[in-house]
2 protein chains.
Amino acid sequence: MIAELLPERTVERLSKYRRVLSRELENGMDHIYSHDLAKLLHITPVQVRRDLMLIGHTGTLRKGYDIAKLIKLIGEIIDCSGIQKVAIVGLGQLGMALLNYLQNNKNKLHLTAAFDNNPEKIGHIFQGIPCYDEQQLKEVVEKEKITIGILTVPANKAVEMSHRMTDSGILGIINYTPASLKLDNAFLEEYDVITSLEKVAYFSKPFNLDLYKKLIQSQQ
Amino acid sequence: MIAELLPERTVERLSKYRRVLSRELENGMDHIYSHDLAKLLHITPVQVRRDLMLIGHTGTLRKGYDIAKLIKLIGEIIDCSGIQKVAIVGLGQLGMALLNYLQNNKNKLHLTAAFDNNPEKIGHIFQGIPCYDEQQLKEVVEKEKITIGILTVPANKAVEMSHRMTDSGILGIINYTPASLKLDNAFLEEYDVITSLEKVAYFSKPFNLDLYKKLIQSQQ
DNA sequence: AATCATTTGTTTACATTTTAACAATGCAAA
DNA sequence: TTTGCATTGTTAAAATGTAAACAAATGATT
């Protein structure tokens, strides 16, 4: 249906659209206007219409978008036809927090395995997710056909581990370590807590915040 | 020195430059070329030179950039003159993980307080950080002059809590909840774990990954 | 029936970010 | 000394992402 890759930002918003739309559906709404959907995410109606145009969803004039249909379409675009299995590599504090956060997945992404090198964790089951020895990574990933990895090992092990992950067949990695990676055969998404905190620190310095507010205002 | 706001992406990279440069300094390096710094972050040398131009750092031809000076300059730009105090609002799994992650801060950002509504946590000290009752937010933030908040409460409390945070004097918020916020008097940075995971899922679907790889190749 | 108001879909313009191009500089080697 | 080369700093172009503008459609109102 869609022959081209969608822009990264559009994909991100589609994920958010689906989430808020599901809530609207539960509240008994069946249609929604672009400007109402926009308000839910604090973006502009134009952006909503443009995103939906890109995925080929068409609303009805004066009635808005059919929420159930839109949710279904977004699913067809974002989700894999079957399911995609996810592994957490590194069960430290952050890995464990993410494990708890993700275990109640109602979508097509199934958290399937965790890996660590701590003997006290290996062999245990956390929230229904088994923790394997890091050494078994390739074996388990191949057997379970895991395609997505969440990387939460210590920074100094991140590069090596990321290569072992892609070598095992993982196609997408979210890197939560501060190490900066480069993968050849997988999609990489990096998120660096410290960087993000330092960015907020910069923009919330009083002088900068004033400049920032003026900038925002001048755009409206 | 710099009269204008820096681009957001530049600020993010400055944070990363500083981190890798500190490591190089520890390894005994005193100067670095733009292309070597670029390699450390897997970006282009042009981008490095452009970023450094924006902050007014000037290297010496055939010698590169003075690492110690550059680290110092980045500090002057990113860090506040004094220190900036940080609070974690919501000490669930994620909040606690971040608390552990941030407690060993060697920079100008000081994690000062945590807030929760769980009686079992209120009054306790975690890694040296006291956990207060959510109800004391305004009081503590004002007294301690906390300016940055990390929001990790349950999604349904995020909007209300964010307003209480800005009302108390917080100037910058990192929102880790899936709720989408809109703040008028503070800088807001949102990071949504699920969205980021679904984005990776989309781009690592085999068909899309092929398109993506071709796209990358065609750009080189 | 004619006009108006509303809302979609699409094109065009604007802003931000990245990448490329290249002049300027100055060390090294012939 | 002079040529060549490596490296910086800056300007220009390209790519990406966001917002505006507006035609088209259709129901509501007079």
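Note on naming: letters A, B, ... go to the chains in the order of the sequence lines (proteins, then strands), and numbering restarts at 1 for each one. Every heavy atom of this structure was used, including side-chain atoms; hydrogens, water molecules and symmetry mates were not.
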Interatomic distance, [X] [atom1] vs [N] [atom2] [rounded to whole Å]:
| X | N | atom1 | atom2 | result |
| --- | --- | --- | --- | --- |
| E8(B) | dT16(C) | CD | P | 10 Å |
| Q217(A) | dA19(D) | CD | P | 16 Å |
| I43(A) | dG17(D) | CD1 | P | 15 Å |
| L54(B) | dT19(C) | CG | P | 15 Å |
| E12(A) | dG17(D) | CD | C1' | 11 Å |
| I55(A) | dG9(C) | CD1 | P | 11 Å |
| E4(B) | dT17(C) | CD | P | 14 Å |
| K63(A) | dT8(C) | NZ | P | 13 Å |

Counterpart residues, ring-ring contact (aromatic ring centres under 6.0 Å, His included), relative to Y65(B) (two or more places apart)
H57(B)

According to ring-ring contact (aromatic ring centres under 6.0 Å, His included), who are the partners of H35(A), at least two apart in sequence or on a separate chain?
Y33(A)

Classify every nucleotide of nucleotides 24-30 of chain D by which part a protein heavy atom approaches to under 4.0 Å, writing B for the base, S for the sugar-phosphate alone and - for neither, in 5'-to-3' order.
-BBB---

Which letters describe nucleotides 9-14 of chain D, given B = protein heavy atom under 4.0 Å from base, S = only from sugar-phosphate, - = neither?
BBBB--

Give, ordered by number, those residues of residues 185-197 of chain A having at least one heavy-atom distance below 4.0 Å to an atom of DNA chain C; if nothing qualifies, reply none.
none

Closest approach of P178(A) and R19(B), non-hydrogen atoms and distance?
CB-NH1, 2.6 Å

Nearest heavy-atom contact between I170(A) and I146(A) is CG1-O, 3.8 Å

Distance-only check: which donor-acceptor pairs under 3.5 Å involve side-chain atoms of residues 21-28 of chain B, not counting sequence neighbours?
{"residue": "S22(B)", "atom": "OG", "partner": "R18(B)", "partner atom": "O", "Å": "2.8"}

Sort out for me which residue in L183(B), L171(B), L188(B), L181(B) forms a side chain to side chain contact (heavy atoms under 4.5 Å, CB included) with T166(B).
L183(B)

